[in-house]
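From a predicted model like this one, the values you see are computed outputs, not experimental measurements.
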Amino acid sequence: MLEAEIIAHCAPTLAGIKTANMFTYTPENRDGLYKEIEEENNKLNSRGVFVEVLRMSEYKALVYVYRKKKLQQDLSCEGACTLLNNCGYECQEADCCIRKLQERFFENECFPHEVGLFLGYPLDDVTGFIEQKGKNYKCCGIWKVYGDEQQTRILFRKLKKCSEIYRRLFADGRSILQLTVAA
């Protein structure tokens, strides 16, 4: 069930402490996936959270859960704009950038490295990953860290704790709507 997967993989986004998360989902019925996405959007959009499919294969979907206002802020900062422009993004609006990201996923076998910006990773870590080709990082947790290692380790612990709490609350009967902080 999509809802349980969103809770398991996207708790920090639902809690409002991270811009976005993504995960691979294997739907029971590929044709029913977009109905599931629509149902989740009907619940979550009023709280500022949106669900999209970034890439689809025969059996799996790459699902993206994000806070639109926060994403727009992240993508509008000067360094992010420059990086996106260098990657072929011709717009700065979140919806337009997501469409371009979907195109880039379709065009490439591997993940487009700018995806870190769409997940709320620090700009230093995204640019460091690109420049260093994924090597020479200071530490690795949810992502590879090239910037402030100490602060990012603290954030990793916070994100992990959030996920643990949300999984437990969901298992205890809380709904996804009850667990989603309004923007």
Side-chain angles (χ1 to χ4, degrees), residues 2 5-6 8-14 16-27 30 33-34 36-37 40-41 44-45 48-149 151-152 155-156 159-160 163:
L2 181 60
E5 294 296 313
I6 291 173
H9 299 285
C10 306
T13 299
L14 299 177
I17 58 176
K18 191 170 181 293
T19 299
N21 290 91
M22 66 181 178
F23 61 96
T24 301
Y25 178 60
T26 305
R30 182 180 176 179
L33 172 63
Y34 289 97
E36 285 184 280
I37 298 282
E40 295 309 318
N41 276 318
L44 300 174
N45 288 175
V49 176
F50 295 79
V51 182
E52 302 246 2
V53 173
L54 291 179
R55 177 167 56 184
M56 189 80 179
S57 69
E58 187 175 351
Y59 299 107
K60 296 181 181 189
L62 183 62
V63 177
Y64 178 58
V65 178
Y66 65 101
R67 290 191 168 267
K68 190 179 281 192
K69 286 182 184 177
K70 180 72 173 115
L71 178 63
Q72 186 62 58
Q73 291 172 354
D74 292 354
L75 299 181
S76 297
C77 81
E78 186 177 331
C81 289
T82 301
L83 176 60
L84 290 174
N85 195 330
N86 291 340
C87 292
Y89 291 75
E90 297 176 359
C91 59
Q92 293 180 356
E93 296 300 314
D95 290 335
C96 179
C97 288
I98 291 171
R99 299 289 93 61
K100 179 64 177 176
L101 181 64
Q102 288 169 321
E103 286 176 28
R104 295 206 12 104
F105 270 111
F106 182 75
E107 295 166 358
N108 302 302
E109 287 292 315
C110 61
F111 275 48
H113 297 314
E114 73 274 8
V115 74
L117 295 176
F118 290 83
L119 296 168
Y121 297 174
L123 181 62
D124 288 346
D125 295 338
V126 177
T127 57
F129 182 88
I130 293 168
E131 292 167 1
Q132 297 293 321
K133 298 181 170 72
K135 299 178 179 167
N136 305 318
Y137 48 89
K138 295 176 181 177
C139 74
C140 185
I142 298 169
W143 62 84
K144 291 182 178 176
V145 178
Y146 294 86
D148 189 335
E149 180 181 1
Q151 283 302 112
T152 306
L155 178 59
F156 286 164
L159 297 175
K160 182 180 177 186
S163 294

Q. What are the two closest non-hydrogen atoms of F105 and R55, and how far apart are they?
A. O-NH1, 3.6 Å
(Q) Using 0.5 Å steps for rounding, measure from the SG atom of C81 to the CG atom of N86. (A) 11.0 Å
Q: Please assess C97 against C91 for the test disulfide (SG to SG under 2.5 Å), listing each intermediate value before the final yes or no.
A: CA-CA 7 Å; C97 288; C91 59; 4.3 Å; no
Q: Report the distance from atom CG of D74 to atom CG of L123, rounding to the nearest 0.5 Å.
A: 10.0 Å
**Q.** Distance, nearest 0.5 Å, that separates CD of E40 from SG of C10
**A.** 10.5 Å
**Q.** Student check: side-chain heavy atoms of V53 and Y34 closer than 4.5 Å
**A.** yes
Q: Would you check if L101 and P112 make a side-chain contact, meaning some heavy-atom pair closer than 4.5 Å?
A: yes
(Q) If we count only N and O atoms by modelled type, under 3.5 Å, do the side chains of E52 and Y66 hold a donor and an acceptor together? (A) yes
Q. Got more than 12 heavy atoms from elsewhere within 6.0 Å of CD, E78?
A. no
Q) Looking at OH of Y59 and OG1 of T26, how far apart are the two atoms once the value is rounded to the nearest 0.5 Å? A) 11.0 Å
Q. Counting distance only, does the side-chain N/O of D125 pair as donor-acceptor with the main-chain N or O of V145 below 3.5 Å?
A. no
Q) Charged N to carboxylate O below 4.0 Å: is that the case for K68 and D95? A) yes
Q: Quick one: closest heavy-atom pair of H113 and V126, and the distance?
A: O-CG1, 3.9 Å
Q.
Rounded at 0.5 Å granularity, tell me how far CD in E131 sits from CG in D124.
A. 9.5 Å
Q. Taking C-beta and beyond as the side chain, do N41 and F50 meet within less than 4.5 Å on heavy atoms?
A. yes
Q: Taking K144 for its side chain and G134 for its backbone only, find out whether a donor-acceptor pair lies under 3.5 Å.
A: yes
Q. How about F156 and W143: are their ring centroids closer than 6.0 Å?
A. yes
Q. Can you check whether F23 reaches V63 side chain to side chain, under 4.5 Å on heavy atoms?
A. yes
(Q) Using the rule given for side-chain contact (heavy atoms from CB on, under 4.5 Å), can you reason through F118 versus L84, listing the C-alpha separation, both sets of side-chain angles and the distance that settles it, and then say yes or no? (A) CA-CA 10 Å; F118 290 83; L84 290 174; 3.9 Å; yes
Q | Contact check, side chains of L62 and M22, non-hydrogen atoms, under 4.5 Å | A | yes
Q | Worked check of side chain to side chain donor-acceptor pair (under 3.5 Å) between Y25 and E36 | A | CA-CA 12 Å; Y25 178 60; E36 285 184 280; 2.9 Å; yes
**Q.** Within-4.5 Å side-chain heavy-atom neighbours: T19 and T13
**A.** no
Q. Judged by atom type as modelled, is there a donor-acceptor pair below 3.5 Å linking the side chain of R67 to the main-chain atoms of L14?
A. yes
Q. Do any N or O atoms from the side chain of Q92 and from the backbone of S76 form a donor-acceptor pair under 3.5 angstrom?
A. no
Q) Is there side-chain contact between N21 and P12, with heavy atoms separated by less than 4.5 Å? A) yes
Q: Check R104 against C87 and note the closest heavy-atom contact, atom names and distance.
A: NH1-O, 3.6 Å
Q: Output, in order, the C-alpha distance, side-chain angles, deciding distance and verdict of side-chain contact (heavy atoms from CB on, under 4.5 Å) for V51 and I6.
A: CA-CA 9 Å; V51 182; I6 291 173; 4.2 Å; yes
Q: Report yes if some heavy atom in the side chain of M56 is under 4.5 Å from a heavy atom in the side chain of L33; otherwise report no.
A: yes
Q: Would you check, one step at a time, whether the test side-chain contact (heavy atoms from CB on, under 4.5 Å) holds for I130 with L83?
A: CA-CA 10 Å; I130 293 168; L83 176 60; 3.8 Å; yes
Q | Short side-chain to backbone donor-acceptor contact, D148 and T152, under 3.5 Å | A | no
Q | E114 with K100: basic N within carboxylate O range, under 4.0 Å | A | no
Q. Can Q102 and I98 be said to form a side-chain contact (heavy atoms from CB on, under 4.5 Å), step by step?
A. CA-CA 6 Å; Q102 288 169 321; I98 291 171; 4.2 Å; yes
**Q.** Within the 6.0 Å centroid threshold, strictly below: Y137 and F129
**A.** no
